[in-house]
Number of protein chains: 2
Amino acid sequence: MTRLAALREATAAAGIGALLLTPGPDLRYVTGYEALPLERLTCLVVPAAGEAFMVVPRLELPAAEHSPAARLGVEFVPWDETDDPYALVARRIGPVADVGLADRMWAMQSLRFRDVLPEARQLLAGSVLRDLRMTKSPAEVDALREAGAAIDAVHALVPGLLKAGRTEREVGRDIAEAIVAAGHETVDFVIVASGPNGASPHHELSQRVIQAGDPVVVDIGGRMPSGYCSDSTRTYSVGEPPADFAAYYEILRRAQDAACAAVRPGVSCESVDAAAREVITEAGYGEYFIHRTGHGIGLETHEEPYIVAGNTEPLVPGHAFSVEPGVYLPGRHGARIEDIVVCTPSGAERLNVRPRELVVV
Amino acid sequence: MTRLAALREATAAAGIGALLLTPGPDLRYVTGYEALPLERLTCLVVPAAGEAFMVVPRLELPAAEHSPAARLGVEFVPWDETDDPYALVARRIGPVADVGLADRMWAMQSLRFRDVLPEARQLLAGSVLRDLRMTKSPAEVDALREAGAAIDAVHALVPGLLKAGRTEREVGRDIAEAIVAAGHETVDFVIVASGPNGASPHHELSQRVIQAGDPVVVDIGGRMPSGYCSDSTRTYSVGEPPADFAAYYEILRRAQDAACAAVRPGVSCESVDAAAREVITEAGYGEYFIHRTGHGIGLETHEEPYIVAGNTEPLVPGHAFSVEPGVYLPGRHGARIEDIVVCTPSGAERLNVRPRELVVV
């Protein structure tokens, strides 16, 4: 069964009249079409009853016809620059009680749909798509495994790039090139957070010159030609690290191991988070672990399931997510260790396998 | 007056209770903060009455505090992983009749705001922001001029890269590197559409090998460190072009000139479109010019004003947009010529100045 057929069944089962999927990961998952995210409306309409069709700006028609979506037998409905594509969708789907919007549909589009379908309650398409997207098929796990190996190959080069006297930006530029050279199609993020910058989990590359004795958090990822994403963090030390850093790094490593060990079918997402948090909290660093333990990954770097307190979703084989506890001491330094793992019947398979011991370069 | 102060005045004048600006060009315009577009809510709240504040995930707080937003005196309101940031916003703004959403706010966010603010009618923040963003200040025009010079420098290299026997993808890779080398921070798009691929306005780079006699449409752009975008198209010919191509290229060139000549304050956007379309239609190619003549440009590659039939918006000095008519013969080839222009008191200033005659390489 194609993903589209599965989605149509799920839409009908959920009692939703139609899904409206604009360019982004939802559309890519269902059709393989990487439509440009533009102000002109491209929208796959998946009615619970009847055939799916895709509204396409006339000038995008050749691109759509050359995309994998053309092989699904979906009817393309082109519109011209002076047409109203929203009204066109409304006319074709007729009166419906509910519509499901792509989770990333822009307000400039969702409010137009609200106006042309005033009787339809807007829900998230994610309510139907999440189970499909969250549980990876063996082919999807293979794609994530390939992405994991590619980013591991980049981490293998990082010790050679990190040197006292270089700026974070210089190192980051080299890493970005290596991400592409390792087979990624795009560089999605490069965090090189040295010394006190390591205390900001999403630090931007800066002109800071790396100093001897700096711990450096390196969190990197990109998207492979398959569409699937990589994301892995290792923390390095340029020369011997400060004593107060060494004191918590080993605790962090144990916490990351504990969370991976907690992964198995039936276990809740929040208990994986708790497994990491417990180790860190017991050692007295709980207040410095300021984020959840992880996020799902697939066609998006961040997607469901989120490994966070309050998420009682039970893991099932095929769930893929990051396990990335961190410790952040404001004004001092920080550390994070991140692997992508897949839940298998027998527990976690780690897709990132670079050493997790502190690498002193 | 800061942009934030101007926006607050405009919000009050429009009778909107509050604007809700999530990461993206609207937030960047108002604060300079390039917040990561993540599932965790970052949101600048601009109430018509009272002070603006920004809801920030705890782990993004250091990034926000180091961003230009910190210099605006906006209060940061951090939230923790298990808080509900939507409820937090609703509590702080209290009952309002209307809220304006960032034009690119994701449905996963706008529907949450709908649920926590059920009495508030959702509008687009763009209804308030559009006039501010559309009319560029002299500093913004300078930034666009710098972007234009950078992409012109890349087009100057293209004749040396286009050779029969190379694939579109190979040429595209070289162009992408040149875009960065010319000072762009990101490569936003690289279209190298050779031979019949030129008939698809948004063709993706392919493995097609460029042939002698191919016309090649090269449409490229990126984002400068200033945040402002470049976008320029030239059409080249690898060796002597086919006769039926040469027949319309000169018409296209005249059409593009006519549209640029039509630009002046008080003229409507649609009449600039008509100026190009008239030339092409009179020559018998009207049905092959399948898109509008242009789009505004600034912090986004595509923004208002759109140069399209039906848009009666009168131009004012500071409007910046593309003038890019095209002719596309399905199965054969296509051509497009694109400059970014700024409306000045005395007419169009072109920010791209590479030759518009057909360059035979």
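From a predicted model like this one, the values you see are computed outputs, not experimental measurements. Here is the naming used below: chain letters follow the sequence lines, and residue numbers restart at 1 for every chain.
- Among the candidates A/His295, A/Gln122, A/Glu81, A/Arg104, the residue making the largest number of heavy-atom pairs closer than 4.5 Å to chain B is A/Arg104.
- Chain A forms more heavy-atom pairs under 4.5 Å with one residue of B/Arg114, B/Glu303, B/His203 than with any other, namely B/Arg114.
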Check your understanding: What's the verdict on side chain to side chain contact (heavy atoms under 4.5 Å, CB included) for B/Arg40 and A/Arg292, showing C-alpha distance, side-chain angles and the deciding distance?
Key -> CA-CA 11 Å; B/Arg40 293 182 181 100; A/Arg292 65 193 175 205; 2.8 Å; yes

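- Annotation for B/Arg208: atom CZ counts as buried by contact number, over 12 foreign heavy atoms lying within 6.0 Å.
- Taken from OG1 in A/Thr82 to CG in B/Asn311, the straight-line distance is 12.5 Å, to the nearest 0.5 Å.
- Per-residue heavy-atom pair counts under 4.5 Å with chain A were compared for B/Leu123, B/Val308, B/Leu124, B/Leu101, and the maximum is reached by B/Leu124.
- Other residues, nucleotides and ligands contribute more than 12 heavy atoms inside 6.0 Å of the CZ atom of B/Arg169.
- Salt-bridge formation is not detected for the pair A/Asp103/B/Arg112: no Lys NZ or Arg NE/NH1/NH2 atom is positioned less than 4.0 Å from an Asp or Glu carboxylate oxygen.
- Interface residue A/Leu111: only side-chain heavy atoms are found under 4.5 Å from chain B.
- For A/Asp115, the part sitting under 4.5 Å from any heavy atom of chain B is the side chain, from C-beta outward, and nothing else.
- Proximity to chain B (any heavy atom under 4.5 Å) is shown, for A/Phe189, by neither the backbone nor the side chain.
- Of the atoms belonging to A/His291, heavy atoms from both backbone and side chain fall under 4.5 Å from chain B.
- The minimum heavy-atom distance linking A/Pro201 with B/Leu59 is given by the pair CD-O, 3.5 Å.
- Across all non-hydrogen atoms, the minimal contact from A/Ile290 to B/Arg58 is CB-CG, 4.1 Å.
- Taking a 6.0 Å sphere around OH of A/Tyr288, one finds it holds 12 or fewer heavy atoms contributed by other residues, nucleotides or ligands.
- Side-chain contact check for A/His66 versus B/Glu204: every heavy-atom pair is 4.5 Å or farther apart.
- Counting heavy atoms from C-beta on, the side chains of B/Glu39 and A/Tyr306 come closer than 4.5 Å.
- In this structure, the separation between CD on B/Gln109 and OG on A/Ser110 is 11.0 Å, given to the nearest 0.5 Å.
- Residue A/Leu36 touches chain B through its side chain alone, counting heavy-atom pairs closer than 4.5 Å.
- For a residue to count as touching a neighbouring chain, one of its non-hydrogen atoms must lie under 4.5 Å from one of that chain's; by this rule A/Ala102 touches chain B with the backbone only.
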Check your understanding: Taking it one step at a time, do A/His202 and B/Leu38 satisfy side chain to side chain contact (heavy atoms under 4.5 Å, CB included)?
Key -> CA-CA 11 Å; A/His202 282 161; B/Leu38 295 172; 3.7 Å; yes

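- Nearest heavy-atom pair across B/Ser200 and A/Ala63 is OG-N, 4.0 Å.
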